[in-house]
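Reading through the structure tokens given below for one structure.
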Amino acid sequence: MTDRYAVIGNPISHSKSPLIHGAFAQQTAQDIAYTALEGPLDGFAGAVHAFRDAGGRGMNVTAPFKLQAFTLATDRLERAELAGATNALKFEGDRIWADNFDGVGLVNDIQRNLGVALVGKRVLLLGAGGAVRGALLPFLAEQPAALVIANRTAEKATALAAAFSGRGRITGCGFGDLAGERFDVVLNATSASLKAELPAVPASVFTGAVLAYELVYGKGLTPFLRLAQNAGVPRLADGVGMLVEQAAEAFVWWRGVRPETAPVIARMTVPLV
């Protein structure tokens with residue numbers, strides 16, 4: 001019998017998850033059906049329960065429901081617990097399991113696909129929202145020399161760093177505190193690129209950097225990536241690899257088999273021009 005999975009969000013028509021999981025299922029000969037479900041803004045829990053009651057086995061969760069999914073879950077794995085949000089659910093009887101694969105997907109893309117090891121590196125994360133929070137535990141597990149969170153509102157970044165201070169070398173600051181600082185890996189997790197804007201960071205942060213990573217995908221050479229390119233950063237990437245890698249982690253969690261991500265990433269990649 002075909003097992004049912006879905007991605008839930010609002011809006012959802014743009015989602016690439018059905019394409020990705022369809023490719024994974026074909027690769028691994030898994031008998032699943034994967035659909036996109038637009039959840040009502042005032043009826044997320046009801047939509048999840050209805051899907052589960054109709055035989056659904058699991059769901060990916062995207063904006064704006066990641067916090068609601070965290071609250072709805074009966075059981076939360078550590079990554080979801082520390083992130084305070086979830087992007088994947090698994091249904092087992094009356095239990096709803098929650099995990100968060102955004103951060104591990106990002107780390108896997110950087111290290112496996114882009115070939116940049118994080119151990120001993122100075123890493124700068126721009127932004128202090130849910131994407132950053134979900135990434136902190138997987139990043140710190142790789143033992144960077146320093147992990148710095150910089151945000152327009154410095155207090156939000158410092159509070160987030162304090163919450164994870166027992167896990168490794170992590171600090172928080174405002175954009176204005178980055179003058180004179182240099183990093184090996186710089187990641188933009190702000191919403192600036194969605195508006196074709198540039199985070200207010202000095203170009204000097206890219207001095208000597210080996211990678212600049214834009215978490216949004218399919219936007220081409222964003223102002224952030226263009227600034228990095230002009231500063232001489234040799235490797236630029238957007239978030240398409242992160243998207244596929246986090247989907248692969250959910251697929252393994254649900255099905256117990258790991259798909260190949262490289263062909264799916266290649267299929268979805270938009271040139272950075």
Side-chain angles (χ1 to χ4, degrees), residues 102-103 105-129 131-136 138-140 142-154 156-158 160-161 168-245 265-266 268-273:
D102 285 335
L106 176 56
V107 167
N108 286 348
D109 187 38
I110 291 171
Q111 298 200 133
R112 294 179 187 171
N113 302 329
L114 301 177
V116 177
L118 294 171
V119 62
K121 297 290 196 304
R122 286 180 52 79
V123 178
L124 173 62
L125 276 167
L126 303 177
V132 169
R133 190 176 185 94
L136 294 181
F139 267 85
L140 289 170
E142 299 304 321
Q143 299 183 320
L147 181 60
V148 177
I149 309 165
N151 192 52
R152 182 180 59 183
T153 306
K156 191 172 182 181
T158 54
L160 191 51
R169 298 175 180 174
I170 182 170
T171 56
C173 66
F175 289 154
D177 300 315
L178 294 172
E181 296 291 331
R182 299 181 179 186
F183 297 89
D184 301 301
V185 178
V186 183
L187 304 99
N188 181 29
T190 72
S191 61
S193 294
L194 295 174
K195 309 167 192 173
E197 296 174 357
L198 180 67
V201 296
S204 58
V205 300
F206 296 108
T207 302
V210 296
L211 172 66
Y213 195 107
E214 174 73 76
L215 265 67
V216 302
Y217 63 92
K219 299 293 185 182
L221 201 62
T222 64
F224 166 80
L225 290 177
R226 191 176 300 278
L227 181 65
Q229 183 183 64
N230 292 340
V233 179
R235 194 71 183 267
L236 310 177
D238 71 2
V240 65
M242 172 186 175
L243 176 70
V244 176
E245 290 293 345
I265 293 171
M268 295 180 60
T269 295
V270 174
L272 298 176
V273 295

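Position 1 is the first residue of the sequence; numbering continues from there. Just so it is clear, the values below take in all heavy atoms, side chains as well, and ignore hydrogens, waters and symmetry mates.
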Open item on the list: Looking at Gln143, I want to see if its CD is surrounded by more than 12 non-hydrogen atoms of other residues, nucleotides or ligands under 6.0 Å.
Closed with: no
With respect to [X], which candidate in [options] satisfies the side-chain contact (heavy atoms from CB on, under 4.5 Å) definition?
| X | options | result |
| --- | --- | --- |
| Glu214 | Val240, Leu126, Leu225 | Leu225 |
| Pro138 | Val107, Asn108, Asp102 | Val107 |
| Val123 | Val148, Leu211, Val186, Leu187 | Leu187 |

Are the side chain of [X] and the backbone of [Y] linked by a donor-acceptor contact shorter than 3.5 Å?
| X | Y | answer |
| --- | --- | --- |
| Asn230 | Leu227 | no |
| Asp184 | Val210 | no |
| Arg182 | Gly208 | no |

TODO: Is it possible for you to check whether Arg152 lies under 6.0 Å from the centre of the six-membered ring of Phe175, through NZ or CZ, and within 45° of that ring's axis?
DONE: no
TODO: Output the distance between atom CZ (Phe224) and atom OG1 (Thr190), rounded to the nearest 0.5 Å.
DONE: 8.5 Å
- [ ] Rounded to the nearest 0.5 Å, what's the gap from CG on Leu194 to OG1 on Thr222? Could you check?
- [x] 10.0 Å
- [ ] Grab the two heavy atoms, one from Ala128 and one from Ile149, that are nearest each other, plus how far apart they are.
- [x] CB-CG2, 4.4 Å
TODO: Please step through salt bridge (Lys or Arg N to Asp or Glu O under 4.0 Å) for the pair Glu142 and Lys121, ending with a clear verdict.
DONE: CA-CA 10 Å; Glu142 299 304 321; Lys121 297 290 196 304; over 6 Å; no
